[in-house]
Asks: 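A single structure is presented below for examination.
Everything quoted here is computed from the prediction, not taken from an experiment. All residue numbers in this chain count up from 1 along the given sequence.
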Amino acid sequence: MCHRLRHIGGSRSVAGMVLRLKALAWRYRYFLLAALFCVTLGVVGNAIATRHPTMVNAVVAARDIPAGTALSSDDIRVEHFPAASLPTYAISDPKTASGAVLAVPASTGLPITTRMIVDESFFTPPDEAHVVIPVQFSDAGSLAIAQPGVHVKLFAVSSTADNGRATMICDSATIAGLGQEEKASMNLTSSSTTPAQTVFVTVPNGDANIVLGMATTGEIRAVAAHHK
């Protein structure tokens with residue numbers, strides 16, 4: 001009998017709780033509907049943004065273009081891309097690329113960026129034993145000697161945790177050309193706010209990977225070297 005009474009009492013308690021929840025849901029039904037509407041709107045909005053991303057213009061190579069080519073209207077065309085898919089410094093106006101010299105090879109359909117072109121006409125394409133790599137110089141010493149034809153040694157500057165020690169990564173590089181000056185920036189390895197300059201350097205194939213890696217992740221400096 002006691003067991004049955006406890007069971008009946010428990011059932012009544014659960015039923016009462018359900019009734020109270022129903023009453024609360026009915027009382028706040030408009031707030032719940034509004035919250036459900038907001039969630040649904042957010043899901044639909046994200047789906048629309050994914051299916052219909054913002055599209056922007058980008059200048060791309062109209063054919064396979066070798067390094068050292070002065071770009072003409074026949075070499076480039078404008079295509080539409082999702083904004084999030086474009087590389088940094090992609091060029092949107094064909095006038096920016098027209099007449100500039102391509103410092104690195106570009107395959108058909110590849111977006112052209114400001115870090116792929118040189119401003120001045122002087123540019124000597126590398127031979128088969130060398131490759132051209134764009135790097136960023138922001139220190140005054142490197143910028144002072146960054147002139148086409150100058151032979152330099154390249155150093156990678158470590159983080160401040162290692163007291164800013166510099167390690168030579170290439171002892172026989174040559175300045176191939178200068179790109180566009182960019183806005184002042186501050187990176188992990190330097191506190192300098194000097195405007196960064198894109199500099200194209202010709203390095204031996206054997207040094208290409210380490211120079212390219214350091215150019216992407218760290219700071220590179222140049223020291224004048226005697227031509228061998």
Asks: I175 and side-chain contact (heavy atoms from CB on, under 4.5 Å): which single residue from V199, I145, T202 fits?
Replies: V199
Asks: Between T113 (side chain only) and R115 (backbone N and O only), is there a donor and an acceptor less than 3.5 Å apart?
Replies: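 Indeed, once roles are kept as given, a pair shorter than 3.5 Å links the two residues.
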Asks: Which heavy atom of A215 sits nearest to which heavy atom of V135, and what is that distance?
Replies: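 In this case the closest contact between A215 and V135 is CB-CG1, 3.7 Å.
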Asks: Which heavy-atom pair separates L154 from F137 by the least distance, and what is that distance?
Replies: CD2-CZ, 4.2 Å
Asks: Are the side chains of T114 and I91 in contact, using a 4.5 Å heavy-atom criterion?
Replies: yes
Asks: What donor-acceptor contacts under 3.5 angstrom involve side-chain atoms of residues 203-212, with partners at least two apart or in another chain?
Replies:
unit_1: N205; atom_1: ND2; unit_2: E128; atom_2: O; d: 2.8
unit_1: N205; atom_1: ND2; unit_2: A129; atom_2: O; d: 3.4

Asks: How long is the straight-line distance from OG of S142 back to CD of Q197, given to the nearest 0.5 Å?
Replies: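 Result: 11.5 Å between the selected atoms.
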Asks: So which pairs with a foot in residues 53-73 pass salt bridge (Lys or Arg N to Asp or Glu O under 4.0 Å), sequence neighbours left out?
Replies: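 Passing the test, one end in residues 53-73: R63-D75.
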Asks: Members other than V60 in its cluster, when Ile, Leu, Val, Met, Phe, Trp, Tyr link by side-chain heavy atoms under 4.5 Å?
Replies: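 Members alongside V60: V56, F81, L86.
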Asks: With no hydrogens and no angle check, is any side-chain donor or acceptor of S85 less than 3.5 Å from a backbone partner on P82?
Replies: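 Side chain of S85 to backbone of P82, a donor-acceptor pair under 3.5 Å: yes, one is there.
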Asks: With a cutoff of under 4.5 Å between side-chain heavy atoms, which Ile, Leu, Val, Met, Phe, Trp and Tyr residues group with F155?
Replies: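 Under the 4.5 Å side-chain rule, F155 groups with M168, V223.
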Asks: What residues form a side chain to side chain donor-acceptor pair (under 3.5 Å) with D93, not counting sequence neighbours?
Replies: none
Asks: Between P94 and V59, is there a side-chain heavy-atom distance shorter than 4.5 Å?
Replies: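 Answer yes - side chains close enough.
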Asks: What are the two closest heavy atoms between A156 and M214, and how far apart are they?
Replies: CB-CE, 3.4 Å
Asks: Once side-chain contact (heavy atoms from CB on, under 4.5 Å) is applied, do any residues pair with A62, and if so which ones, sequence neighbours excluded?
Replies: R77
